[in-house]
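The figures here come from the full heavy-atom set of this structure, side chains too, leaving out hydrogens, waters and symmetry mates. Owing to the predicted nature of the structure, the values given are computational and were not obtained by experimental measurement. Every chain is numbered from 1, with letters handed out A, B, ... down the list of sequences.
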2 protein chains.
Amino acid sequence: MPIPNVDSLSGGSLLLAWQLKDKHVLIIGGGDVASGRIESVLVADARITLISPSQGLHPLTKQFIDATDRITYYDRSFSGPDDLEGVDMVLTAIDDVDESRRICALCRERKIPVNVADIPPSCDFYFGSQIRSGPLQIMISTNGQSPKLANIIRKRIEKCLPEQAGEAIEKVGELRSKLRERAPGVGGQLGKRRMRWMVDVCTSWDLEDLALLDDEMMNKLLDDGWEKNAVPKPEDVGLQHGLLDFHSWTSLETVLPTSLGFLTGVALTVGFLLTRRRS
Amino acid sequence: MPIPNVDSLSGGSLLLAWQLKDKHVLIIGGGDVASGRIESVLVADARITLISPSQGLHPLTKQFIDATDRITYYDRSFSGPDDLEGVDMVLTAIDDVDESRRICALCRERKIPVNVADIPPSCDFYFGSQIRSGPLQIMISTNGQSPKLANIIRKRIEKCLPEQAGEAIEKVGELRSKLRERAPGVGGQLGKRRMRWMVDVCTSWDLEDLALLDDEMMNKLLDDGWEKNAVPKPEDVGLQHGLLDFHSWTSLETVLPTSLGFLTGVALTVGFLLTRRRS
């Protein structure tokens with residue numbers, strides 16, 4: 001297999017899932033952009049220090065401050081290098097362009113990753129349009145070409161994403177933990193067999209079925225599957241997916257054209273027969 | 001509008017589009033994982049230093065080294081802190097777990113973001129499953145729960161993503177540049193009007209139509225649209241999209257149920273009338 005044309009490999013970003021568990025993120029500014037940042041950073045389990053004069057706080061930002069002790073709030077403006085002590089990432093969303101650039105320079109001297117809202121050259125990274133459903137996260141980036149189209153594409157993806165995707169991922173994560181308890185150890189032949197079996201389950205079951213796995217079914221799947229080096233079918237571990245089948249058959253996209261076709265068929269036939277009878 | 005339940009905001013990552021233009025990325029290891037990393041990093045316009053004994057090079061890695069002068073290759077193992085001089089990011093993909101952890105520690109002392117393949121605690125960030133089409137980049141992360149499901153979901157998204165999405169984004173980027181030439185300046189009322197007009201175009205045109213914009217149509221769109229504070233329809237700027245309309249109307253998912261419904265309607269009506277006539 002040849003590599004892609006190297007000249008075409010250009011103009012993009014490196015998309016990453018940055019790890020912030022127990023890291024310390026400084027957010028400067030409290031407006032609506034900041035409130036969006038707060039949500040994204042909380043999802044990643046970081047501790048937040050928020051610096052912003054209280055008169056500039058967006059209602060959503062206020063709600064976040066009240067709702068969790070994972071945010072330490074200071075009712076003032078950015079004061080200088082001391083505010084960057086022990087900080088792992090800085091996000092600013094203030095209107096003052098000169099102050100924003102100054103904060104960016106201070107961060108870069110200290111090698112602290114920084115994003116300055118609305119000033120691309122002062123950003124080590126951008127945020128794209130995002131989807132989240134449990135452990136599933138999706139980012140759509142147009143690399144600054146069109147945030148609006150990123151949003152439009154996000155909506156299209158949301159529409160076609162199976163509703164149960166997040167749940168399926170959670171259940172597969174649980175199944176994998178259970179399997180690790182049964183067959184512990186890192187790497188080696190066992191690790192490879194474990195990985196292969198998990199891949200086999202994920203590829204031969206539908207997302208919708210994986211999402212319905214409960215504790216009992218998982219145990220049966222491990223007993224009858226892993227132990228016997230096989231992949232039982234959903235119905236073999238007691239999964240009833242009649243309802244879901246029904247659901248997928250009755251989706252609006254199928255029902256609407258079918259009904260319209262049916263009614264047209266009835267109407268035309270009746271019309272045709274009536275015309276013939278009269279003539 | 002209330003904020004989401006703060007307790008539910010947990011267990012994720014912060015998804016980012018990291019900027020690497022003219023940055024210096026050190027990749028340690030040359031196997032198949034490394035070859036994937038090389039491609040992702042080249043897309044982001046970084047310069048790469050690759051360190052790996054030549055006997056460990058994957059054929060794809062070799063092809064990348066031969067194809068571009070954006071990679072500086074050293075036929076040896078990682079030698080120590082000197083290799084980290086002037087480096088902005090480190091990605092390792094070697095089998096030696098102890099050496100991997102040592103490299104990670106050296107990077108963290110120097111605040112260089114690092115990803116060590118297969119050792120999550122030694123990663124400042126993960127890579128998810130990715131889609132790229134021109135300036136459009138999409139990342140799917142299951143936060144380590146199931147890389148296989150991330151791939152399955154990636155394929156579903158690829159299937160439902162309009163083929164022309166990447167092209168539409170490129171064209172909108174061009175249109176925006178042209179608009180900036182016509183109405184230059186940063187921020188202020190003009191900046192807001194410019195942004196609003198671009199959003200109006202993106203929301204009232206289909207992706208498929210945006211992708212078909214050529215130079216002449218863009219100029220007409222600006223003459224008849226921007227200058228007159230309106231958004232012309234695709235056909236008003238000379239866009240012929242008969243074929244695409246035909247295509248979307250005749251998709252199998254619509255035609256099949258409509259036809260089946262129609263035939264059923266005809267059959268049942270004829271059957272019903274015949275029964276009545278006989279009785």
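Contacts of Leu20(B) with chain A are made by side-chain atoms alone, with heavy-atom separations under 4.5 Å and no backbone atom involved. At a 4.5 Å heavy-atom cutoff, Arg154(B) makes no contact with chain A through either its backbone or its side chain. Heavy atoms closer than 4.5 Å to chain A are found in both the backbone and the side chain of Leu60(B).
Interface check for chain B: of the options Pro2(A), Pro113(A), Gly173(A), Ala17(A), the most heavy-atom pairs under 4.5 Å are formed by Ala17(A). Chain B forms the most heavy-atom pairs under 4.5 Å with one residue out of Ala67(A), Pro162(A), Pro59(A), and that residue is Pro162(A).
Nearest heavy atom pair, residue Asn143(A) against residue Pro135(B), reads ND2-O, 3.0 Å. For the pair Cys123(A) and Gln19(B), the tightest heavy-atom approach, listed with the atom from each and the gap, is O-CG, 4.1 Å. When all heavy atoms of Val6(A) and Arg70(B) are compared, the pair lying nearest together is O-NH1, 3.7 Å.
Between the side chain of Gln137(A) and the backbone N or O of Gly12(B), no donor-acceptor pair lies under 3.5 Å. For the pair Gln130(A) (side chain) and Leu15(B) (backbone), a donor-acceptor distance under 3.5 Å is present. Side-chain atoms of Asp45(A) do not come within 3.5 Å of backbone N or O of Ser10(B) as any donor-acceptor pair.
For the pair Pro4(A)/Glu39(B), a side-chain contact is recorded, criterion being any heavy-atom separation below 4.5 Å from C-beta on. In this structure, the side chains of Leu16(B) and Met89(A) come closer than 4.5 Å at one or more pairs of heavy atoms. Counting only heavy atoms from C-beta outward, the side chains of Leu149(A) and Leu210(B) approach each other to under 4.5 Å. Contact check for Leu9(A) versus Thr68(B): no side-chain heavy atoms found under the 4.5 Å cut-off. Side-chain atoms of Leu268(A) and Val266(B), non-hydrogen and from C-beta on, never get closer than 4.5 Å to each other.
Heavy-atom neighbours of Asp118(A) CG from other residues, nucleotides or ligands within 6.0 Å: at or below the threshold of 12.
Between Trp18(A) and the choices Tyr126(B), Trp18(B), Phe127(B), the ring pair (Phe, Tyr, Trp, His ring centres under 6.0 Å) rule is met once, by Trp18(B).
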